[in-house]
Asker: 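Quick one: the structure is below, and I'll ask about it shortly.
Worth knowing before you read on, the calculation uses all heavy atoms, side chains too, and leaves out hydrogens, waters and symmetry mates.
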Amino acid sequence: MATTRNAHTEWEGDLLKGIGEATLDSSGAGRFPVTWASRAEEPQGRTSPEELIAAAHSSCFSMALANTLTQAGTPPTTITTNAAVTFQPGTGITGIHLTVEGRVPGADESAFRAAAEDAKTNCPVSQALTGTTISLTAALA
């Protein structure tokens, strides 16, 4: 069965001086302030679309990798994924780098890297972001 998740953002003012608030509606997990400065300069306690994409990508990738490893008969103990989304004002998102470290009893480095590459290609968020270069560094802990 398909699921739909919702979020919304309310924005006040122009791009450079305005402020918005992104709200996670489906989960009710939080409301997050956003500004142009927090996107193009320093966060200063606010989030950005790119940070939200990084959160979505790192969690989706981790789930896909856990599934791939489990299907291969080597379920992970832990997977830690960092997604670094690079934003260039005037250009947009220029790339995403995933760094993953896993504790996977019974898996060797080669099998882990292959599973990570598969997850990078096949997780739904990676597939939604196919217009962006996605790179990967994977290692066993």
Asker: Could you tell me whether the side chain of T23 and the main chain of D25 form a donor-acceptor pair under 3.5 Å?
Answerer: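 No; judged by distance alone, with no hydrogens or angles, the pair does not exist.
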Asker: With a 4.5 Å cut-off on side-chain heavy atoms, are H57 and V85 touching?
Answerer: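 Of all side-chain heavy-atom pairs linking H57 with V85, none is under 4.5 Å.
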Asker: Search all heavy atoms of P105 against all heavy atoms of P75 and return the closest pair with its distance.
Answerer: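 Minimum heavy-atom contact is CD-O, 3.8 Å.
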Asker: State the CD-OG1 distance between E41 and T35, to the nearest 0.5 angstrom.
Answerer: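 Answer for the CD-OG1 pair, E41 versus T35, is 8.0 Å.
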Asker: To the nearest 0.5 Å, what is the distance between CG on L136 and NZ on K120?
Answerer: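 That separation rounds to 6.0 Å.
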Asker: By side chain to side chain donor-acceptor pair (under 3.5 Å), which residues pair with R31, not counting sequence neighbours?
Answerer: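 R31: side chain to side chain donor-acceptor pair (under 3.5 Å) contacts with E21.
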Asker: Rounded to the nearest 0.5 Å, what separates atom SG in C60 from atom CD1 in I53?
Answerer: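 If we round to the nearest 0.5 Å, C60:SG and I53:CD1 are 13.0 Å apart.
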Asker: Sort and list the pairs that fulfil side-chain hydrogen bond (donor to acceptor under 3.5 Å, both in side chains) and have at least one residue in residues 69-86, not counting sequence neighbours.
Answerer: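 Residue pairs with at least one partner in residues 69-86: S62-T81.
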Asker: Measuring from atom CG of L65 to atom CD1 of I79, what distance do you get when rounded to the nearest 0.5 angstrom?
Answerer: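 CD1 of I79 is found 4.0 Å from CG of L65.
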Asker: According to a hydrophobic-cluster definition based on side-chain heavy atoms being under 4.5 Å apart (Ile, Leu, Val, Met, Phe, Trp, Tyr only), do V34 and L16 belong together?
Answerer: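 Unlinked, V34 and L16 end up in two clusters.
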Asker: Is the shortest side-chain heavy-atom distance between N122 and Q127 below 4.5 Å?
Answerer: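 Side chain of N122 against side chain of Q127, heavy atoms only: contact under 4.5 Å found.
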Asker: Locate the shortest heavy-atom distance separating E101 from L140; write the atom from each residue and the value.
Answerer: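 Result for this residue pair: CG-C, 4.2 Å.
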Asker: Decide yes or no for H97 and S135: does some side-chain heavy atom of the first lie under 4.5 Å from some side-chain heavy atom of the second?
Answerer: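 When only atoms from C-beta onward are counted, S135 and H97 do touch, with a gap below 4.5 Å.
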Asker: Taking the side chain from W11 and the backbone from G13, do they hold a donor-acceptor pair closer than 3.5 Å?
Answerer: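 Yes, W11 side chain to G13 backbone: donor-acceptor pair under 3.5 Å.
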Asker: Return the minimal non-hydrogen interatomic distance between F32 and L24, and the atom names on each side.
Answerer: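 Taking F32 first and L24 second, the nearest heavy atoms are CE1-CD1, 3.6 Å.
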Asker: Only one of T121, T132, I96, I134 clears side-chain contact (heavy atoms from CB on, under 4.5 Å) with S126; which?
Answerer: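 It is I134, the one option of T121, T132, I96, I134 that forms the side-chain contact (heavy atoms from CB on, under 4.5 Å) with S126.
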Asker: For residues F112 and G102, report the shortest heavy-atom separation together with the two atoms involved.
Answerer: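 Nearest pair, atom of F112 first, then G102: CZ-N, 3.6 Å.
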Asker: Looking at R113 and E117, is there a salt bridge between them, counting it only when a charged N and a carboxylate O are closer than 4.0 Å?
Answerer: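 Between R113 and E117 there is no salt bridge, as every charged N stays at least 4.0 Å from the carboxylate O atoms.
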Asker: Output the rest of the hydrophobic cluster of M63: all Ile, Leu, Val, Met, Phe, Trp and Tyr residues reachable through side-chain heavy-atom contacts under 4.5 Å, sorted by chain and number.
Answerer: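 The other cluster members (ILVMFWY side chains, heavy atoms under 4.5 Å, direct or chained): none.
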Asker: Which pair of heavy atoms, one from S48 and one from S38, lies closest together, and at what distance?
Answerer: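 Looks like CB-O, 4.1 Å.
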Asker: Could you give the distance from CG (L52) to OG1 (T9), rounded to the nearest 0.5 Å?
Answerer: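 The OG1 atom of T9 is 8.0 Å from CG of L52, to the nearest 0.5 Å.
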Asker: Side-chain contact, heavy-atom cut-off 4.5 Å: V100 with F61?
Answerer: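 Side chain of V100 against side chain of F61, heavy atoms only: contact under 4.5 Å found.
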Asker: Quick one: pull up OG1 in T47 and CZ in R39 and give me the separation to the nearest 0.5 Å.
Answerer: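 Those atoms lie 10.5 Å apart.
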Asker: Would you check if the side chain of D118 reaches a backbone N or O of A114 as a donor-acceptor pair within less than 3.5 Å?
Answerer: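 No, because the side chain of D118 does not come within donor-acceptor range (under 3.5 Å) of the backbone of A114.
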Asker: Take atom CD of E12 as the centre, draw a 6.0 Å sphere, and report whether it contains more than 12 heavy atoms from other residues, nucleotides or ligands.
Answerer: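 Result for CD/E12: open.
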Asker: Does any non-hydrogen side-chain atom of P89 lie less than 4.5 Å from one of W36?
Answerer: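 SC-SC contact between W36 and P89 confirmed.
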